[in-house]
Amino acid sequence: MVTLEFHDPSGVIAVKQSHAPRIASLAGKRVGFVSNEQWQAYRMLPLLKQLLEADFPGIEVLPIDAFPQGNAVIGSEETAALVKQSGVDAVLIGNAA
Amino acid sequence: MTNAVAGLGLAPDAAMVTFPIAMFLPGSDISPVEARKQEFYDGLTRWRSAFAGNGASEPPMIRVQASSVEHAFARANDMMLARRFSDGLPLWPPTRERVDWILRGAAQPRRRELGAFPPRGGVTTVESCAIALAMAGGRPEYLPVLMAAVEAFLDEESGSEQLQAASGSAFPVVIVNGPLGAQIRLNAGFGCLGPDPQRPAGASIGRALRLLQQNLGGALPGVGTMANYGGMRYTNVVFAEDEANLPAGWPAHGVERHSFAPGQSSISLAFANGVTNIRRRGAKKETPEEDALQGMYRMADFMRVPNMPGLAGYEHGTPGILMLPGVVAKTMAGLGWTKASIREFLWEHSRIPAEHLRRAGCPAWIEIDASKVVRESIDLDPWPITASPDNFVIVVAGGGHPTNSYWLQGYSPGVVGRTIELPPAFDRLLADAERDLGPR
């Protein structure tokens with residue numbers, strides 16, 4: 001019997017931070033959108049805004065363009081800072097394809 | 001997307017709602033958004049990561065057993081396919097012995113970290129490069145070139161984080177300058193972008209880089225990379241500039257683009273997403289001057305397409321890499337052409353009339369570009385395909401035949417250079433290669 005032992009080439013992933021904690025409920029919360037304006041985001045995200053506002057009493061959903069939009073800027077530290085400053089409880093990000 | 005999340009240092013999953021691509025196209029039916037609205041709500045409220053802990057533990061060695069060496073080799077290859085480590089061609093199982101042998105080419109300790117391979121964020125070490133090179137059938141003397149290429153790839157300036165996942169099928173192009181290319185049998189001449197048993201180094205170096213892209217970077221087709229076609233990805237492109245045939249006064253690419261010292265072994269990495277032959281030589285009774293000029297027009301005309309790949313590197317990268325055979329370079333130099341004057345000619349004659357941009361819908365791409373230089377270029381008519389002539393990469397490489405030139409269409413935010421660091425006993429590795437591979 002021949003045994004062949006070799007390295008796993010997929011290596012190691014270093015997890016350095018946790019995902020943000022989820023909120024208990026969307027009712028009465030402040031929610032924002034970060035949009036790259038691509039892949040029909042200009043249609044889908046406003047639809048989601050309507051749905052959230054209809055389904056959760058007291059929710060405040062910021063306008064889709066409340067934060068900078070576009071692939072070139074949504075990943076920036078500046079955009080992240082603006083999101084934090086806005087005091088939102090949760091953020092939806094779209095659209096990828 | 002999970003790759004990108006992992007690449008940020010988060011656990012490799014995320015609260016996502018995914019739909020078939022059809023819903024993301026113009027005029028689509030977006031009613032599934034409402035039908036699945038609860039998934040969005042759950043993502044904000046109930047979702048939990050499936051990964052606990054820091055995820056940084058070393059994966060265990062893989063073991064196969066079989067009745068013979070041949071069967072063990074086959075089982076190992078089957079397993080690497082099943083685990084999505086393979087590129088579909090036979091691989092050399094990266095055993096300890098094989099990887100240790102490759103590491104004789106390392107100038108740095110095996111555990112030294114080079115960075116996180118984007119987008120998945122696999123921790124990239126000297127050892128992980130050696131594992132990939134072993135799998136790709138490489139040799140120790142190739143490792144210094146691979147290490148330099150990986151360092152350049154991981155440089156943010158290269159754009160690899162986006163290009164690894166993007167649909168535009170970018171592949172890295174590694175140009176080697178200095179004496180090392182010839183020493184390790186890296187091709188600069190006939191067939192330098194393809195297989196060559198006489199000069200085999202580029203195939204396994206480029207294949208190893210691809211395996212790293214896939215296995216550490218997570219660029220699995222249709223899952224981690226949306227590259228529609230993925231051309232040139234078996235081996236990427238790794239070749240040497242034919243410095244022996246550079247005309248007098250023409251600087252080597254590494255000297256010209258990266259200001260490396262003449263004679264310094266180095267690599268230069270850019271991304272391309274197209275490869276094509278452009279006929280260069282005339283066919284009848286043209287004079288040498290006409291032959292050169294007509295060939296230049298054919299090249300410039302080919303580049304004058306409203307296809308927009310050059311936007312990625314408009315300001316700091318490259319619209320592409322033009323490969324000229326040494327015999328052509330020498331003829332053109334004899335007529336007074338320099339690398340700089342060729343660039344000026346190509347820049348001027350590849351400009352695209354604004355009307356051609358408009359009818360092809362290009363202004364929208366220019367308007368949404370992240371670069372202010374790109375956005376402001378929209379007023380230029382005819383529109384230059386790159387911000388500066390200096391962005392064109394011109395290298396002397398290819399067989400000693402004057403009929404053809406080659407154009408690697410750039411898709412490259414940057415052109416990143418690195419010098420190559422050799423281990424102390426490198427001459428011994430070259431001697432071993434002479435022994436193993438026979439006379440040149």
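- Heavy atoms of B/Pro26 lying under 4.5 Å from chain A belong to its backbone as well as its side chain.
- Highest contact tally toward chain A, considering only B/Val64, B/Val99, B/Thr124, is held by B/Val64 [criterion: heavy-atom pairs under 4.5 Å].
- Both the backbone and the side chain of B/Ala76 come within less than 4.5 Å of a heavy atom of chain A.
- Ranking A/Asp55, A/Leu52, A/Leu92, A/Val31 against chain B, the residue ahead of the rest is A/Asp55, based on heavy-atom pairs under 4.5 Å.
- Comparing B/Asp369, B/Val123, B/Ile62, B/Val33 by how many heavy-atom pairs each has under 4.5 Å with chain A, the most go to B/Ile62.
- Heavy atoms from other residues, nucleotides or ligands lying under 6.0 Å from CD of B/Glu161 number 12 at most.
- Residues A/Val83 and A/Val88 form a side-chain contact, since some pair of their non-hydrogen atoms from C-beta on lies under 4.5 Å apart.
- Contact count against chain A (heavy-atom pairs under 4.5 Å) is highest for B/Leu10 among B/Ile131, B/Leu211, B/Leu10.
- Heavy-atom distances place both the backbone and the side chain of A/Leu51 under 4.5 Å from chain B.
- Interface remark: A/Ile93 contributes no atoms to any contact with chain B (heavy atom separation under 4.5 Å).
- The candidate with the highest count of non-hydrogen atom pairs below 4.5 Å against chain A, out of B/Leu44, B/Ile21, B/Asn215, B/Thr95, is B/Leu44.
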Return a table of donor-acceptor pairs under 3.5 angstrom between the side chains of residues 6-14 of chain A and protein atoms on other chains or two or more places apart.
residue, atom, partner, partner atom, Å
A/Asp8, OD1, A/Ser10, N, 2.8
A/Asp8, OD1, A/Ser10, OG, 2.6

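- Between B/Arg84 and B/Val223, the closest side-chain pair of non-hydrogen atoms is not below 4.5 Å.
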